[in-house]
Number of protein chains: 2
Amino acid sequence: MVYQPGEAYDYPLIIKKLLNTPLVYSPDQEIVYRDQLRFTYRDLRQRIGRLGSMLDGLGVGKGDVVAVMDYDSHRFLECFFAIPMMGAVLQMVNWRLSVEQILYTLNHANARVLVVNTDFLPMLEKMRDRLESVETVVVMKEQGNSLTLSFPIAGHYERLLETGDPGYEFPDLDENTVATTFYTTGTTGNPKGVYFTHRQLVLHTLAGAAAVGAYDSVGRFRSGDVYMPLTPMFHVHAWGMPYLATLLGVKQVYPGRYEPEMLLKLIVSEGVTFSHCVPTILQMITANPAVKAFDLSKWKVVIGGARLPRGLAESAWDMGITVYTGYGMSESCPIISLGMPGSDWESLDRDVLMDTVVKTGRPVPLAEVEVVDEVGRFLPHDGVSTGEVVFRAPWLTQGYVDDEARSAELWRDGWLYSGDVGVIDENGYLQVTDRMKDVIKTGGEWVSSLDLENILSRHEAVLESAAIGVPHEKWGERPVMIVHLKPEYVGSVGSEDLRGYLKEAAEKGDIPSYGIPDAFELVDDIPKTSVGKLDKKKMRSDFR
Amino acid sequence: MVYQPGEAYDYPLIIKKLLNTPLVYSPDQEIVYRDQLRFTYRDLRQRIGRLGSMLDGLGVGKGDVVAVMDYDSHRFLECFFAIPMMGAVLQMVNWRLSVEQILYTLNHANARVLVVNTDFLPMLEKMRDRLESVETVVVMKEQGNSLTLSFPIAGHYERLLETGDPGYEFPDLDENTVATTFYTTGTTGNPKGVYFTHRQLVLHTLAGAAAVGAYDSVGRFRSGDVYMPLTPMFHVHAWGMPYLATLLGVKQVYPGRYEPEMLLKLIVSEGVTFSHCVPTILQMITANPAVKAFDLSKWKVVIGGARLPRGLAESAWDMGITVYTGYGMSESCPIISLGMPGSDWESLDRDVLMDTVVKTGRPVPLAEVEVVDEVGRFLPHDGVSTGEVVFRAPWLTQGYVDDEARSAELWRDGWLYSGDVGVIDENGYLQVTDRMKDVIKTGGEWVSSLDLENILSRHEAVLESAAIGVPHEKWGERPVMIVHLKPEYVGSVGSEDLRGYLKEAAEKGDIPSYGIPDAFELVDDIPKTSVGKLDKKKMRSDFR
């Protein structure tokens with residue numbers, strides 16, 4: 001059998017192609033920025049053209065890194081497309097990091113151009129003399145900001161766009177061209193750079209469209225939805241959702257800087273139906289007194305980045321919000337699994353439903369997930385066997401930028417080692433129970449810090465809690481919990497009440513008896529990392 | 001920026017991967033064969049393992065061609081997976097071709113193994129001494145058939161499966177490995193072999209899942225649907241739908257040999273909600289007197305392979321069937337565009353709705369469609385400019401097997417030339433108006449034979465019609481129509497009535513006045529090709 005390739009078009013999976021469908025299906029659909037701006041997909045395509053043309057004019061070529069520091073905005077969306085579509089690499093900068101860390105990531109990524117919101121110029125001032133690769137700065141002016149600059153800029157985003165060519169033609173590229181990069185901070189060492197190719201992002205988008213569209217579920221995201229991100233766009237491509245939202249041609253709402261009142265206002269006035277965030281953001285919204293005045297019953301929210309506490313899930317569902325969990329990480333683009341309840345959810349027992357939505361879900365199409373023991377053997381899917389979560393999918397970072405040692409730790413035997421501890425049940429649902437480094441090892445047994453936090457979240461007096469292992473001479477480690485009480489309970493609820501509550505949980509078999517914490521530390525504020533996660537490294541040092 | 005690939009898994013887009021999701025999401029869902037057999041996806045995976053193991057035992061290796069001749073069955077579904085998953089090539093044999101043509105395709109494809117339904121053994125007998133490459137024959141026994149064989153067989157499909165290993169492990173493959181091949185018959189020359197790789201079929205499936213799942217529409221196909229093919233599985237992978245249905249984990253119903261009563265019975269008893277077929281099959285079902293007793297209001301049917309006559313669309317919608325058009329061809333795997341009405345269809349004017357569903361639709365995600373003039377320039381999307389339809393997508397045959405000349409005609413300047421004539425409107429809907437070779441060229445103008453047929457289909461007396469160009473000294477060609485009247489109108493309706501009907505259409509501007517046919521030939525049966533299309537080549541020769 002002889003095949004003749006002839007003059008066929010070898011269709012590359014490149015980001016440019018994702019724009020075709022919305023421009024045919026819904027060219028008049030809107031992109032909205034706060035209460036300030038709205039334009040159509042037709043305009044979006046033109047603005048992307050102008051941006052490509054502008055960057056071309058600034059000398060950006062294939063392989064050049066263009067770093068962006070911005071809130072969640074239409075501008076960032078434009079950068080999501082135009083920069084990779086040129087063959088350049090979009091670096092998403094986490095502006096919540098310290099100035100030193102940001103400086104490290106810009107230098108390490110070798111960023112040549114920096115596109116920066118005026119709000120972050122004071123940070124830039126502090127690092128300007130130490131930027132090793134940045135040659136060109138473009139500023140994006142936030143409404144109401146006055147601009148004072150002590151260093152030369154190439155120009156203002158909007159003004160430069162005006163001079164760009166809306167019909168600018170983007171080239172076809174090899175699908176394995178790197179499209180994006182960003183840095184993830186561990187608790188030790190320098191931030192690590194992950195990177196994703198055009199092919200990976202296109203496949204992540206297509207599989208995502210199938211996962212949230214083609215399977216009947218209450219958590220679906222389809223062309224009739226209205227999207228607003230509540231995970232920063234610098235954080236794992238806002239979970240890749242801006243690419244998916246664009247492919248679907250949905251109305252997209254970008255909230256800029258996160259302000260609870262503005263978020264609520266946009267959700268209601270723009271009719272937002274689909275978002276994603278970490279639990280703390282959902283907590284911030286549901287705990288806002290203003291929320292009672294609004295109907296949030298059309299709002300679906302995927303929770304990720306940290307475990308969804310059952311108490312928070314329950315109060316969100318009580319408000320009519322459809323909340324469920326997704327799983328992934330910076331290294332995974334990020335979507336690996338989703339815990340969407342099926343469209344038969346209304347027939348489910350409330351407890352079963354809540355059990356489902358707090359689980360980290362089932363693998364999306366093309367993703368493969370296993371849990372393995374200490375020597376890498378697959379463990380059974382029995383709801384009991386606990387091990388490290390490993391996965392593979394066509395959209396995982398192939399390593400860390402310029403870091404052979406940590407790349408080698410990440411990938412072993414063809415599987416990406418997540419550093420998460422989890423268990424898979426008979427129905428294929430993964431439950432992540434801890435981070436490998438946070439699991440509390442006491443007397444040779446593992447106690448899940450997340451289990452302890454999850455149970456305590458259901459105590460009426462508890463606003464938030466964190467469980468850590470503190471060194472213990474006899475047992476190796478013993479669990480201790482750091483607890484933030486709701487203001488109205490401060491003084492009336494104490495350690496003994498909390499210990500009693502967990503003792504009851506142990507009697508019911510929800511945790512082992514050796515998992516009952518030795519101590520409860522009541523605090524006014526629980527330490528968080530720059531992306532809003534519990535900072536257990538700090539707590540372990542503070543409370544040892 | 002230095003990237004470190006490390007030990008990462010380079011995830012290939014291979015057919016094996018499509019089985020992962022249904023085995024997690026819906027392992028207990030059913031596959032049904034007629035009223036004879038039903039088993040689960042878990043069983044399907046085991047049967048695929050057994051089949052791979054059995055073929056392995058018969059000496060099938062990578063690149064070997066395994067030809068299958070069967071009705072639409074669970075067995076064929078198993079072959080769709082197991083054969084390519086071994087790295088072998090599945091040849092789908094069109095058993096409606098003549099013995100000589102089938103012989104040609106088996107020899108041309110270099111088929112080593114033939115898996116054949118007992119119903120087709122008489123055909124095999126006629127070609128057995130002339131088969132050049134087939135070494136091994138496996139027979140699939142159809143219930144009720146007695147088996148007489150004059151040549152040696154390797155065994156019976158079911159019995160060989162019993163000895164196979166259900167846990168047989170399929171290897172990872174290069175995603176560009178050829179997975180399938182089949183032959184398409186033109187009106188001239190030998191059948192042409194097209195071929196598709198694993199990557200192409202996986203991308204066709206994923207984009208298909210997005211197209212019919214992620215966009216709100218009345219024609220959607222999602223995990224809650226029940227699928228039954230009504231386009232033969234040998235014909236362009238039954239439009240690739242068995243792969244998609246499997247990824248979605250839906251209940252699948254295979255009807256075996258097409259018998260109207262059995263089809264109707266299965267649609268109703270199994271609750272079939274999604275099918276696809278050529279217009280003649282829909283015609284056969286809707287014209288069946290028994291149909292009036294059944295509720296078909298949950299049935300969605302995609303029509304392809306030939307233009308959906310508006311009259312047929314109307315009567316199907318009147319019965320509650322959701323009918324719309326898809327577009328593609330053997331060379332395109334096949335899905336290129338779909339004419340699904342949006343979920344707002346009930347608010348549409350009936351005429352607008354019918355206009356939409358008879359159009360060939362809008363490109364599915366990743367597909368790109370244009371119409372070009374005679375020198376290959378893109379024509380505007382204005383609903384008027386007519387030219388040859390060209391497209392590209394990540395799943396098109398890269399050429400014809402062993403046929404450099406016809407491959408070079410197929411692909412030009414990076415676009416696949418479809419041989420279809422069409423027009424694209426302002427909303428991106430493609431309307432195929434004719435085949436390049438069937439368009440009637442009269443006095444320097446083009447008349448669409450499909451337009452003439454479409455209009456005449458709405459005449460109450462007309463069951464079916466075909467328009468052809470016959471040579472004419474002055475005008476080059478003139479249109480003539482071959483008409484099959486409904487039995488009850490034979491004798492009472494004649495050529496003059498039909499001409500009057502088309503004259504009215506010309507007066508309304510639906511066709512140009514030079515498009516009114518010169519003659520109407522009343523016949524009892526309109527010549528068809530082996531796949532049920534109008535055989536215009538024969539008609540042009542019969543009626544010249």
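Throughout, protein chains are lettered first and strands after them, A, B, ... in sequence-line order, and every chain is numbered starting at 1.
Neither the backbone nor the side chain of A:Leu416 has a heavy atom closer than 4.5 Å to any heavy atom of chain B. Only the side chain of B:Thr21 comes within less than 4.5 Å of a heavy atom in chain A; its backbone stays farther off. In this structure, the portions of B:Tyr25 lying under 4.5 Å from any heavy atom of chain A include both its backbone and its side chain. Proximity to chain A (any heavy atom under 4.5 Å) is shown, for B:Asp413, by neither the backbone nor the side chain. Only the side chain of B:Glu175 has a heavy atom closer than 4.5 Å to any heavy atom of chain A.
Listed options A:Leu247, A:Val212, A:Asp10 were ranked by heavy-atom pairs under 4.5 angstrom with chain B; first place goes to A:Leu247. Of the listed residues (A:Ala214, A:Gly428, A:Ala211), the one with the most heavy-atom contacts under 4.5 Å to chain B is A:Ala214. Note on A:Leu23, A:Leu203, A:Val202: by heavy-atom pairs under 4.5 Å with chain B, the leading option is A:Leu203. Ranking B:Leu18, B:Val24, B:Val250 against chain A, the residue ahead of the rest is B:Val24, based on heavy-atom pairs under 4.5 Å. Interface summary for chain A: among B:Leu244, B:Leu248, B:Asp225, B:Asn427, the most heavy-atom pairs under 4.5 angstrom belong to B:Leu248. Among A:Gly414, A:Ala210, A:Ala209, A:Pro394, the residue with the largest count of heavy-atom pairs under 4.5 Å with chain B is A:Pro394. For the options A:Arg362, A:Lys17, A:Arg220, heavy-atom pairs under 4.5 Å to chain B are most numerous at A:Arg362. Of the residues considered (A:Asn20, A:Val364, A:Leu366), A:Leu366 shows the highest number of contacts with chain B, using heavy-atom pairs under 4.5 Å. For chain A, the option among B:Leu410, B:Leu396, B:Thr397, B:Leu206 with the highest count of heavy-atom pairs below 4.5 Å is B:Leu206.
B:Pro365 has its side chain within reach of B:Tyr215: a pair of non-hydrogen atoms, C-beta onward, lies under 4.5 Å apart.
If you look at B:Tyr183 and B:His108, their ring centroids are closer than 6.0 Å.
A:Ser133 places a side-chain N or O within 3.5 Å of a backbone atom of A:Ala111 that can act as its donor or acceptor partner. Listed for the A:Asn107 side chain is no donor-acceptor partner under 3.5 Å among the backbone atoms of A:Tyr104. With hydrogens and angles disregarded, a donor-acceptor distance shorter than 3.5 Å links the side chain of B:Thr360 to the backbone of B:Leu430. Side-chain atoms of B:Asp216 come within 3.5 Å of backbone atoms of A:Gly224 as a donor-acceptor pair (strictly under, hydrogens ignored). Not a single donor-acceptor pair under 3.5 Å links the side chain of A:Tyr417 to the backbone N or O of A:Phe391. Listed for the A:Gln29 side chain is no donor-acceptor partner under 3.5 Å among the backbone atoms of A:Ser26. A donor-acceptor pair under 3.5 Å is absent between the side-chain atoms of B:Asp403 and the main chain of B:Tyr400, judged by distance alone.
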